[in-house]
Amino acid sequence: MLSIYNTLTGKNEPFESLVPKIVRMYACGVTVYDYCHIGHARSALVFDVIRRYLEFTGYQVEFVKNFTDVDDKIIKRANERGVSCDAITAEFIEAYYQDMGRLGIRRATIEPKATEHMAEIIELVQTLIQKGLAYEVAGDVYFQVEKYQPYGSLSKRKLEDLQAGARVEVDERKRHPMDFALWKSSKQGEPSWESPWGPGRPGWHIECSAMSIKHLGETFDIHGGGMDLIFPHHENEIAQSCGATGKEFVRYWIHNGFVQVNQEKMSKSLGNFFAIREIFEKSRWPEAETGEMLRYFLLGTHYRSPLDFSDHSLLEAKNALNGFYDLFTRLKESEDRGTGDKELMPAIERCKVAFREAMDDDFNTSVAIAELQRLKSDVNKLLSQGLSTEARRIAREEFRSLGNCLGLFQLDKWQFSQVPVGQTADLSPASPIIMRQKVMMIDQVEEADTPQPMLSAAKPKSEFSDTQVQLKVDERNEARKQKDFKKADEIRRFLSSHGIVIEDKPDGTSRWKR
RNA sequence: GGCGCCGUACCCAAGUGGUUAAGGGAGCAGUCUGCAAAACUGCGAUGCAGCGGUUCGACCCCGCUCGGCGCCUCCA
């Protein structure tokens with residue numbers, strides 16, 4: 001039985017969907033005005049995994065993830081560049097798909113945009129005004145927090161406490177300092193839509209209420225996002241939605257922890273973030289492998305805990321994955337004793353049960369991965385006893401199937417280097433995966449940071465083609481056959497210096513990897 | 001000022017009021033190997049920031065202290 005930690009109640013609760021066999025979930029997406037960083041990746045990944053696991057356990061999942069495509073930051077960016085807001089949002093939605101695609105994050109069932117839901121938004125605002133929960137001031141509409149009694153229940157805050165800590169100057173036109181905008185009248189040159197209050201655009205929070213209600217209904221199962229959205233975003237969503245419908249809005253609120261750098265939250269304002277694309281571009285490994293390394297790293301920690309991003313953690317993820325893919329490689333090789341066969345299924349069963357138990361416990365991916373490690377170890381032992389072709393196929397399939405919940409183990413071949421065909425090898429120095437401590441987004445001014453190579457321990461990238469390597473390997477095995485071990489070792493050393501590792505098999509042939 | 005989180009071995013990281021405190025990475029030793037690599041085996045916290053308290057018993061509950069962080073403003 002799946003249980004989920006609910007931010008609203010602060011407790012683990014058994015999960016029961018509103019409609020049997022169907023889960024309706026909504027995740028707050030991104031404001032599309034810049035490239036995504038790993039923090040965005042974590043959030044997207046957490047909900048991707050939740051969705052995958054729910055499907056794995058037999059639910060049909062209706063998953064909505066929005067794009068915020070009308071916003072101050074978008075307008076600002078468009079003005080800076082002298083282009084339309086549409087051009088900005090189109091560019092960064094495209095970039096979003098590219099970045100998230102490289103991480104193996106599946107698209108949601110529905111990915112609505114705020115600009116395409118103006119009618120629903122306006123209608124919702126009207127309802128709130130009619131119900132006396134919102135008021136208009138000169139073309140702006142505000143939600144009146146004092147009129148919504150449970151306000152603060154998600155973030156566990158009292159209105160008085162919020163006021164006391166308010167760091168922002170108060171708009172005198174508001175009836176209460178914490179009242180927030182549902183509709184903003186537009187200034188010159190800003191995108192605007194006709195409304196009963198004149199031309200304007202929606203406030204940030206209202207779009208999610210409008211879109212989630214439209215696509216998932218007035219009450220749905222799961223809603224989530226990063227922890228920083230708890231207040232004010234989700235608090236306000238609850239006020240708007242429950243205020244308008246009079247019904248329960250969301251049954252389980254899920255919030256993921258932050259990605260940090262050097263123990264600090266990674267954020268735009270601190271300038272200490274890593275853009276997803278920069279990591280891919282600077283990675284010495286191929287895209288698919290890099291994506292899997294990132295996933296493994298991000299899922300190695302429970303989703304509600306903070307986790308520190310560094311080259312070192314990425315390298316650890318890679319080393320851990322090596323173990324799995326080394327096994328998968330051996331599972332593909334022929335060798336047909338079936339001595340260990342009868343013990344395989346019990347081992348797999350044990351793993352399946354433990355894996356589900358872990359995931360059922362508030363999506364404990366960390367433990368789930370540990371269980372896969374245990375199975376890896378079990379299968380390794382059985383393999384040395386001998387597994388039949390069929391048994392090896394079953395074992396590989398099991399890793400693929402359980403791994404699919406986490407988006408891991410789907411690659412056929414795990415390799416560490418791209419192979420530019422026809423290039424000659426030279427001993428170019430290792431290029432670090434991440435060149436700079438800080439990655440500048442396009443709106444950041446370059447700072448004179450000392451470049452800090454972060455992956456110095458990695459091996460140099462190989463520049464041989466597969467065929468070139470195979471020729472060398474064949475040559476070495478010929479030498480071994482002749483007992484010319486001096487030559488054989490020379491070849492091994494040569495390839496090793498180019499990041500290629502040879503593993504001799506008992507039958508006199510060798511496998512190699514980069 | 002208000003609300004809240006975290007501190008587990010060299011590193012990452014689970015976890016439970018009471019069997020030997022998961023798992024991974026790195027390291028060391030051994031088996032295997034022509035040599036390696038991989039795999040396998042063994043080694044590694046008598047202790048879970050510190051100090052008190054509750055309890056028959058706490059790393060897990062409570063309090064205090066130290067250290068780190070987050071939200072209260074756009075933020076995944």
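Quick note on labels: first sequence line is chain A, next is B, and so on, each numbered from 1. Everything numeric in this text was worked out from a predicted model, so none of it was measured.
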K.L.:
Using ring-ring contact (aromatic ring centres under 6.0 Å, His included) as the criterion, list what pairs up with A:Tyr53, not counting sequence neighbours.
P.N.:
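Partners of A:Tyr53 by the ring-ring contact (aromatic ring centres under 6.0 Å, His included) criterion come out as none, since no residue qualifies.
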K.L.:
Which atoms of nucleotides 32-34 of chain B (N or O only) lie under 3.5 Å from a protein N or O atom, and what are those distances?
P.N.:
from  : atom 1 : to       : atom 2 : distance (Å)
B:G34 : O6     : A:Arg476 : NH2    : 3.2
B:G34 : O6     : A:Arg480 : NE     : 3.4
B:G34 : N1     : A:Asp489 : OD1    : 3.0
B:G34 : N2     : A:Asp489 : OD1    : 3.1
B:G34 : N2     : A:Asp489 : OD2    : 2.5

K.L.:
Just the rounded figure in Å: distance from P of B:A22 to NE2 of A:His302.
P.N.:
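In whole Å, B:A22 P lies 20 Å from A:His302 NE2.
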K.L.:
Only counting residues at least two apart or in another chain, list the ones meeting ring-ring contact (aromatic ring centres under 6.0 Å, His included) with A:Phe143.
P.N.:
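Once residues adjacent in sequence are excluded, the partners of A:Phe143 under the ring-ring contact (aromatic ring centres under 6.0 Å, His included) criterion are A:Phe180.
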K.L.:
Sugar-phosphate atoms are those with a prime plus P, OP1 and OP2; base atoms are the rest. Using that split, label each nucleotide of nucleotides 3-10 of chain B B, S or - for protein heavy atoms under 4.0 Å, 5' to 3'.
P.N.:
S-------
K.L.:
Checking A:Tyr148 now: which residues fulfil ring-ring contact (aromatic ring centres under 6.0 Å, His included) with it, not counting sequence neighbours?
P.N.:
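ring-ring contact (aromatic ring centres under 6.0 Å, His included) check on A:Tyr148 returns nothing, list empty.
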K.L.:
How many Å lie between CD on A:Glu357 and C1' on B:U16, as a whole number?
P.N.:
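Rounded to whole Å, this separation is 14 Å.
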K.L.:
Check RNA chain B against residues 226-238 of chain A and give the residues with a non-hydrogen atom under 4.0 Å, in numerical order.
P.N.:
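Output list: A:Gly226, A:Asp228, A:Leu229, A:Phe231.
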K.L.:
Under the ring-ring contact (aromatic ring centres under 6.0 Å, His included) rule, collect the residues that match up with A:Phe63, sequence neighbours excluded.
P.N.:
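Counting only residues at least two positions away or on another chain, A:Phe63 forms no ring-ring contact (aromatic ring centres under 6.0 Å, His included).
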K.L.:
Can you tell me which residue pairs pass the salt bridge (Lys or Arg N to Asp or Glu O under 4.0 Å) test with a partner in residues 361-375 of chain A, sequence neighbours excluded?
P.N.:
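Every pair satisfying salt bridge (Lys or Arg N to Asp or Glu O under 4.0 Å) with a residue in residues 361-375 of chain A: A:Arg304-A:Asp362, A:Glu371-A:Arg374.
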K.L.:
What would the secondary structure line of RNA chain B be in dot-bracket form, counting Watson-Crick and G-U wobble pairs under 3.5 Å, with [ ] for pairs that cross earlier ones and | for pairs with another strand?
P.N.:
(((((((..(((.....[....))).(((((.......))))).....(((((..]....))))))))))))....
K.L.:
Please identify each residue that fulfils side chain to side chain contact (heavy atoms under 4.5 Å, CB included) with A:Val250, with sequence neighbours left out.
P.N.:
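Side chain to side chain contact (heavy atoms under 4.5 Å, CB included) check on A:Val250 returns A:Phe220, A:His223, A:Trp253.
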K.L.:
Does a salt bridge link A:Arg392 with A:Asp341, judged by any charged N lying under 4.0 Å from a carboxylate O?
P.N.:
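Salt bridge absent between A:Arg392 and A:Asp341.
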K.L.:
Contacts to RNA chain B from residues 364-379 of chain A, heavy-atom cutoff under 4.0 Å, which residues?
P.N.:
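A:Asn364, A:Ser366, A:Val367, A:Ala370, A:Gln373, A:Arg374, A:Ser377, in order of number.
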K.L.:
Considering residues at least two apart in sequence or located in another chain, which fulfil the side chain to side chain donor-acceptor pair (under 3.5 Å) criterion with A:Glu190?
P.N.:
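For A:Glu190 the side chain to side chain donor-acceptor pair (under 3.5 Å) partners, ignoring immediate neighbours, are A:Arg201.
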